[in-house]
Amino acid sequence: MILKKGNFYINGKNGIEDLHAILENYPTINIPKRKKSLTSIEGGNEQIILDEGAYDNREIDLNIIVRAYDEEDRTLRLSALYSAFDTDKYISFMHYGEPNYEYLISNAEVVTSSRLTRTSYYSEVKIKLTAKAFKQYRPDESVTVNGTTKTFNRFNYASRPLIHFLNSGTTTIAINGKPYTFGPLPSGGAWVDCEESQQDVYNGNTIVENAFNVGQEFPSLPPGIVTITAGNAVVYPRWRTI
């Protein structure tokens with residue numbers, strides 16, 4: 001994707017074209033903190049690291065200029081911008097500095113706004129966001145599997161794919177030789193969402209009950225060459241990085 005300097009997308013809305021808004025500078029985006037704690041050992045000279053293998057959310061600070069031509073126009077456009085970021089869930093945010101990466105964000109604090117000058121209708125808006133630790137590479141690709149195929153994860157972090165099984169019944173997919181079994185799946189197949197916060201099997205809007213062993217892990221695609229074996233499936237890798 002190519003974005004003009006200062007432009008951004010929030011939940012599918014174009015900053016310049018839809019919201020008459022532009023980023024004043026690059027967003028300030030921190031690196032997410034790894035979830036780990038240190039435990040003391042009695043009589044020891046070091047502490048044990050207890051690692052959860054996960055990350056906290058990251059923070060994003062935005063400075064946005066909203067353009068307007070009179071007072072009523074200013075009020076309406078500020079309202080439209082606030083509404084675009086106001087959410088009770090995670091939504092998509094992309095900006096011109098990283099046009100091929102999508103952050104999943106939610107508004108963390110109430111925004112503040114001020115006029116650029118006393119006589120101006122242009123406003124400066126500061127917004128603080130919270131975002132999931134991983135940013136997703138866009139556009140996503142798809143890998144059709146009917147037998148064995150290979151793909152390559154060029155990032156340093158394992159991805160959590162979305163898998164579309166096209167056959168019904170019980171089916172198995174293997175990632176680098178490790179099998180994962182799902183089923184029985186309904187007629188027409190089903191989708192398997194391997195995202196850590198999701199991990200469900202569904203068909204349309206319906207969850208497929210008892211489609212996997214609760215003790216089974218969901219597949220991930222590790223860095224490097226990934227060998228995928230399945231009967232009839234389409235894998236959306238959802239590559240991601242910190």
Side-chain angles (χ1 to χ4, degrees), residues 1-32 55 57-117 119-142 154-155 157 159-162 164 191 193 195 197-198 205 234 236-242:
M1 178 183 293
I2 298 177
L3 290 175
K4 293 181 180 178
K5 184 177 180 180
N7 203 6
F8 62 93
Y9 274 91
I10 177 66
N11 203 23
K13 292 183 178 180
N14 185 298
I16 293 176
E17 296 178 4
D18 299 325
L19 300 171
H20 308 280
I22 189 169
L23 291 171
E24 187 175 13
N25 45 38
Y26 283 119
T28 300
I29 305 174
N30 71 352
I31 299 299
Y55 297 86
N57 272 17
R58 64 167 90 217
E59 291 184 351
I60 301 177
D61 291 312
L62 306 179
N63 287 350
I64 300 174
I65 303 299
V66 179
R67 299 169 294 179
Y69 302 104
D70 56 39
E71 192 59 44
E72 182 178 4
D73 194 38
R74 176 177 178 270
T75 299
L76 291 174
R77 290 183 177 182
L78 284 173
S79 177
L81 182 72
Y82 300 159
S83 176
F85 281 93
D86 187 20
T87 175
D88 61 352
K89 58 185 178 181
Y90 288 102
I91 57 177
S92 170
F93 172 75
M94 303 176 73
H95 69 93
Y96 72 103
E98 299 176 289
N100 289 112
Y101 292 92
E102 176 189 55
Y103 292 87
L104 295 175
I105 64 93
S106 187
N107 50 323
E109 293 185 7
V110 176
V111 301
T112 59
S113 65
S114 59
R115 294 179 188 270
L116 288 183
T117 64
T119 59
S120 173
Y121 295 116
Y122 281 31
S123 301
E124 180 183 29
V125 180
K126 297 180 183 292
I127 302 178
K128 182 178 289 291
L129 307 172
T130 182
K132 290 185 178 183
F134 288 99
K135 54 189 177 184
Q136 307 280 338
Y137 182 77
R138 294 288 182 261
D140 198 12
E141 57 192 62
S142 63
R154 65 184 182 278
F155 300 101
Y157 298 90
S159 74
R160 290 288 185 168
L162 177 66
H164 187 193
W191 296 81
D193 192 338
E195 176 69 34
S197 61
Q198 193 72 31
N205 295 322
V234 180
Y236 299 87
R238 301 198 291 201
W239 305 125
R240 63 186 188 175
T241 187
I242 293 292

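Using a 4.5 Å cut-off on side-chain heavy atoms (C-beta onward), Y90 and N57 make contact.
Applying the side-chain contact (heavy atoms from CB on, under 4.5 Å) criterion to N205, with sequence neighbours excluded, gives no partner residue. Under the rule for a ring-ring contact (aromatic ring centres under 6.0 Å, His included), the partners of Y26 that lie at least two apart in sequence or sit in another chain are Y96. Listed by chain and residue number, nothing satisfies the side-chain hydrogen bond (donor to acceptor under 3.5 Å, both in side chains) test with T87 (two or more places apart in sequence, or in another chain). Under the side-chain hydrogen bond (donor to acceptor under 3.5 Å, both in side chains) criterion, Y55 pairs with R34, not counting sequence neighbours. Residues passing the side-chain contact (heavy atoms from CB on, under 4.5 Å) test with T28, sequence neighbours excluded: D61. For Y121, there are no ring-ring contact (aromatic ring centres under 6.0 Å, His included) partners, not counting sequence neighbours. For D140, the side-chain contact (heavy atoms from CB on, under 4.5 Å) partners two or more places apart in sequence, or in a different chain, are R138, Y236, P237, R238. Qualifying side-chain contact (heavy atoms from CB on, under 4.5 Å) partners for S83, counting only residues two or more places apart in sequence or in other chains: none. Scored by the side-chain hydrogen bond (donor to acceptor under 3.5 Å, both in side chains) test, R74 finds E71, S123 as partners (sequence neighbours excluded). Evaluation of the side-chain hydrogen bond (donor to acceptor under 3.5 Å, both in side chains) rule for S120 yields no partner, not counting sequence neighbours.
Ring geometry for Y103 against H95 counts as parallel: the plane angle stays under 30°, on a 0 to 90° scale with 60° as the upper cut. Using cut-offs of 30° and 60° on the angle between ring planes, the pair F85 and F93 is tilted.
The distance from atom OH of Y137 to atom OG of S159, rounded to the nearest 0.5 Å, is 14.0 Å. The CZ atom of R160 sits 8.0 Å away from the CD atom of E195 when rounded to the nearest 0.5 Å. The line from OG1 of T130 to CD of E59 is 7.0 Å long, rounded to the nearest 0.5 Å. Note: D88 CG to N107 CG = 9.0 Å, rounded to the nearest 0.5 Å. Taken from CG in L129 to CG in L104, the straight-line distance is 12.0 Å, to the nearest 0.5 Å. The structure places NE2 of H164 at 12.0 Å from OG of S142, a figure rounded to the nearest 0.5 Å.
Judged as a salt bridge (Lys or Arg N to Asp or Glu O under 4.0 Å), the pairs with a partner in residues 89-99 (not counting sequence neighbours) are, in order, E98-K135.
Side chain of R58 to main chain of I242: a donor-acceptor pair is present (N/O by atom type, distance under 3.5 Å, no hydrogens or angles).
Of all the heavy atoms in N100 and P139, the pair that sits closest is ND2-CD, 4.0 Å. Closest approach of Y69 and R77 over heavy atoms only: CE1-NH1, 3.5 Å. The heavy-atom pair separating E102 from M94 by the smallest distance is CA-CG, 3.8 Å. Taking each heavy atom of A68 and D73 in turn, the nearest pair found is CA-OD2, 3.4 Å.
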Residue pair K132, S197: steps toward the side chain to side chain contact (heavy atoms under 4.5 Å, CB included) verdict: CA-CA 11 Å; K132 290 185 178 183; S197 61; 3.8 Å; yes
Side chain to side chain contact (heavy atoms under 4.5 Å, CB included) between L19 and V66, worked out: CA-CA 8 Å; L19 300 171; V66 179; over 6 Å; no
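Y82 and S113 share a side-chain donor-acceptor pair at under 3.5 Å.
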Contacts under 3.5 angstrom, residues 2-13 side chains, donor-acceptor by atom type, not counting sequence neighbours:
from, atom 1, to, atom 2, distance (Å)
N7, OD1, G15, N, 3.4
N7, OD1, I16, N, 3.0
N7, ND2, N14, OD1, 3.2
Y9, OH, N14, ND2, 3.2

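Test I64, N63, I60 against I127 for side-chain contact (heavy atoms from CB on, under 4.5 Å) and you get one pass: I64.
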